[in-house]
2 protein chains.
Amino acid sequence: MASPVSRRSLLHETRCQTCSLSSLCLPLALELEDMDHFEAIIRRRAPLKKGEPLFRQGDTFTSVYAVRSGSLKQTTTEGNGSDQLTNFYLPSELVGLDGIDEERYPGSVVALETTTVCEIPFDRLDSLSEELPELRTQLYRSMSKELRDDRRMMRLLSRKTADQRLASFLLTLSERFRRRGYSPYSFRLSMARADIGNYLGLAVETVSRILSRFQGQEVVAVSGREVNILDMQRLTRLAEEEELGATR
Amino acid sequence: MASPVSRRSLLHETRCQTCSLSSLCLPLALELEDMDHFEAIIRRRAPLKKGEPLFRQGDTFTSVYAVRSGSLKQTTTEGNGSDQLTNFYLPSELVGLDGIDEERYPGSVVALETTTVCEIPFDRLDSLSEELPELRTQLYRSMSKELRDDRRMMRLLSRKTADQRLASFLLTLSERFRRRGYSPYSFRLSMARADIGNYLGLAVETVSRILSRFQGQEVVAVSGREVNILDMQRLTRLAEEEELGATR
DNA sequence: CGTGAAGTTGAATCACATCAAGACACGTGG
DNA sequence: CCACGTGTCTTGATGTGATTCAACTTCACG
């Protein structure tokens, strides 16, 4: 199987100090020494395969998870069956914060591709946050940021047209990739069209149609799940205002 | 102006220990002694008049606020002008948590009626949360709960019909009043129809029409801003499933 | 009382959903 | 390597719930 070297590097990867995400992740503001303490509470998890759940709706809340590689989606199912996709998670983002309150996870989180995460038991994180003010601040910030993002999402869902939603969605992804050191112009969607539609409150068909139209207008080039943003400025305009002219 | 007695009782009111909301509010889990410490950091604020802002979008973040009486709305304005109402706040609820991250408030918060709040400077709250684990836990929970509520709102905005939105809205209010010791059946809306519409992602006219219809179906009785829930069960059904039969 | 804001109601329009059918991509077993 | 089947995606035709526009009514407040 794995050679000693690759095993070693795998182990190595689970160290925050050498993790390429450390500048975005929870231990962001910690001194080297404090980071050791933080690392001590983190648990490794076997990589999740595509479609495999990290946890399920209703499971008792024990840990939050930092995404290391790959991506996940969060969905909540209501009595009547239909479920709502409430979030996508990319590397360095924190999963499960909405479970603290009721001590169970309010939604299921499932891997969209092969995904690795760091498990951070919450009780230990909480007590460590007592000693490390920077860690506490960072935790407050993570939650606060998620609140802010949620507000933006509400605006999107209640005021924006389908075109604006798709444009915003692509821009948000682009920006998230950029921050992580990847190209903001060219990336791969790890989620299906149906997921995008569910997330944005649109029918799959609408997602497909609008992507085709954007492609026709040479704003993006889409091939399957590969996306190329051709005209970032135009896409930005599409996201905020309703396009005034017709083809131009 | 105020008699010594009323001034005294006003002062009295600002003590958590005698506040009727203490079982719902932030110091919920604190011992008497710890509550003294908590109270020491709270600042009184002059009551806000209807329409008066608690803070404005973009103001630097300094404090979170606990609503003591009255109610407020939070709105965020985007470049193009149109603004989105993202939340209503009732007594015991915590305002401003989404400002921690960027150190400025991402939206304006305005009183819907005469409203009093407790100002809690965040830096002091943060350091106090170092010493008082229960306070810290409660703060994490408040934020977590708000995240959870946001998810529910997203579901409402992206999957529910106008009827379901209105029904859900009324039920949520009803439940919040109930938890605060008021009648869940009979209450007064402090917000205008336009606010409700904005919040729920509906046109004012739609809100009005549907309330009229609910009234015709004898699910609720609405007179101006006074609401009476006549058939709670039916309203609950309306909120989750699409009504199957027509009039029945 | 009068005046402007807030709320209601009706009719026409539109953006998106739904229904339906076909194209494509991909993994699996022959 | 191909045939097959299944799931994902695209495209077109039609239907509909909510918006928009417009007019009217009611309410709150000086």
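Keep in mind it's a predicted model, so treat the numbers as computed, not measured. The chains referred to below are lettered A, B, ... by the order of the sequence lines, with proteins before strands, and numbering in each begins at 1.
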*Can you list the steps and then say if A:Glu113 with A:Lys50 is a salt bridge (charged side-chain N to carboxylate O under 4.0 Å, His left out)?*
CA-CA 4 Å; A:Glu113 57 198 311; A:Lys50 180 176 174 171; over 6 Å; no
*Quickly work out the A:Arg188 CZ to D:dT8 C1' distance and round it to whole Å.*
13 Å
_For nucleotides 9-27 of chain D, give me one character per nucleotide, 5' to 3': B if any protein heavy atom sits under 4.0 Å from the base, S if the only such contacts are to the sugar-phosphate, - if neither._
SBBBB----SBBB------
*asked:* Expressed as a whole number of angstroms, how long is the span from B:Lys50:NZ to D:dG30:P?
replied: 11 Å
*Taking 4.0 angstrom as the limit, do A:Arg151 and B:Glu146 come out as a salt bridge?*
yes
_Rounded to whole Å, please give me the gap between CG in B:Leu166 and P in C:dT8._
11 Å
*Would you say the side chain of B:Val227 lies within less than 4.5 Å of the side chain of B:Leu173, judging by non-hydrogen atoms?*
no
*4.5 Å side-chain heavy-atom contact, B:Val117 and B:Tyr89*: no
*asked:* Nearest whole Å is fine: how far is D:dC29 P from B:Glu113 CD?
replied: 13 Å
_Pairwise side-chain contact, A:Met153 with A:Leu200, heavy-atom cut-off 4.5 Å (strictly under)_ = yes
_B:Lys145 bridged to B:Glu93 by N-O distance under 4.0 Å_ = no
